[in-house]
Amino acid sequence: MARIPDDLIDSIRSQADIVDIVSDYVPLRKSGKNYLGLCPFHDEKTASFSVNPERQIFHCFGCGKGGNVFNFLMEHEHVSFVEAVRHIARRLNITIPDTYREREASSEAESLAQVTRFAARFFHERLLNSDQGSIVRRYTAKRGLSDETIKSFGLGYAPDSWNDLLNAARKQGIDGAWLVKAGLAKTGEQRTYDAFRKRLVFPIQAPGGRVVGFGGRALSDEDQPKYLNSPESPIYHKSQVLYGLYQARDVLRQQGRILVVEGYMDLLGLHQHGVHGAVAVCGTALSREQARLAARYGKQAFLVYDSDQAGVRATWRAIEPLVEAGLWTRIVRLPEGYDPDSYVAEHGPDGFLKRVEQADSIADFMGHHADLNEPGDREEVFRTLTDLIRKTTNLVHRERYREEAERRFPALQSLLASELRNPGAGRRDRRSPQAEDNRVRGEAPVERGLVQLMLNDRTIAELVERQLEPDDFRHPLYRRIVEHCFTKLGDGETYDFSGLVDTIDDEARRAITELINTADSGIQLEQRARDHVVRIKQKRLKESMTRLMEQIQQMEKGGRSSELTEAMATYMELKHQEKALLQSARGD
Ligand SMILES: [Zn+2]
């Protein structure tokens, strides 16, 4: 099936007016902000089909159908997504250019790939052969990068110039606009200019080897930023690419062990010293997609991040996606002040691999970086570990993670054990599924209210993202929508709801359109959102306390006094957190 480029689809969607299009099929009349009509999807006598021009979506309060302009046509005319897009393009007199048509369905991606390939060669050539390139050759020599490394990773030099790349591209018949689209040039008020200047350039390759983007490192401390990365483009999606994976593929498949490092230079440093099988996340937190990609090539992941605070934080966050992707996960701890590059340079490959062999378990890592005498920290470690173990789909790993956690934290042993004895027990508290359903439903109004506010206002969505995790939402539908919203926020994409509903399942789409269309124009939206957040947080705390109290009662029966003291302290801490939460909510 022909593929129409995403940006063209976005452009068609943003130019289409849903009221116009729907009016071709359904007589609509204005009612407040919205338009109302008889639903074309179910039989009705009074109008419950509503079209929201501001959000560019429709929703039927009778049958629940909803969506954007494309969904309307697909549903009404029984056509595919592509046909719906084409239909609207025709109606708007937007030409889907010939190059985009069937035969060259992915022509934009193809053209972009040609542009990035050209640029990669240009940069590489400049590094190897130009006079100017001597400055970067001095730098790579200082960092100890061999010709072999420079060649296998296609490293390059972006000259100290505003238009060297643009000019070279023009000579090859490549228009500047393509460089802009690929993130290699920028358009200012007066002119278009090269985006990468006076930098060591790292071409970023998709797993198949195609260059999709670039990273650039400044050659002196005065030049900022230190690292520059291509923006997302139709071929470059940061969360879906791992730097160095292409070069590491064969080794990874053989050894099954993936070293995950933070930066380009870490990876090159390791390669340089004969430590292969590393991949780097560059300038992003490790995403679920990246973890799943890694899991296609190996079974074990070793996180080797910087030993500084930022590195530890990033490690903490990278564990969950790896575990969820089914990778047996270990953390390599480097001494204070080291990163993988500097460590391997000083201690050689054997020294480095020794560290890998001695890697920490997740429980060890957490124990090392949390103060277990602090009730807050202890609760955090306990919650994170139980969550993690529960999310581990690989049953062998699950058992081993649990054993390690219990060995590392004897004080938490019985808590962990009772929490994990039956899958999902922690959340359900041994209640019946029916009771659980009712509980979820009971909480749903608050969650629903908050999701509705998030959908209507980006600021609120950001506020919620800072305060809650998707898992804090118990209702699976709302959790899915929240996850989706967070992803959209994280992508830096425009928070646009007719766009949001393109890429989500039917049930969620209906819910979203309904929520948007039933939102009151309301006052004090932000205050209401804050209230909802507090209520949800309080619920979660109360759950933890109830769970803990049940365990405390069991411990009392069993006369396990040392554990009891621990558990009581944790309980008091939760109580304290709840109090603090309510105080802050009142603005005390
Ligand atoms: Zn209907």
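We count ligands from 1, going down the list as the structure has it; atoms in each ligand are counted the same way.
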Any salt bridge linking Arg530 with Glu526? Criterion: basic side-chain nitrogen under 4.0 Å from a carboxylate oxygen. yes

Please give me the minimum heavy-atom distance between Ala325 and Ala295, naming the atom from each residue. O-CB, 3.6 Å

Any residue meeting salt bridge (Lys or Arg N to Asp or Glu O under 4.0 Å) with Asp505, in chain and number order, not counting sequence neighbours: Arg480

Using the ring-ring contact (aromatic ring centres under 6.0 Å, His included) rule, collect all pairs that involve residues 9-38, keeping only residues at least two apart or in two chains. Tyr25-Phe72, Tyr25-His76

salt_bridge(Glu320, Arg288) N-O dist < 4.0 Å: yes

Taking only protein atoms, how many N, O or S atoms are found under 2.8 Å from the Zn ion (ligand 1)? 4

Residues passing the salt bridge (Lys or Arg N to Asp or Glu O under 4.0 Å) test with Arg535, sequence neighbours excluded, are none

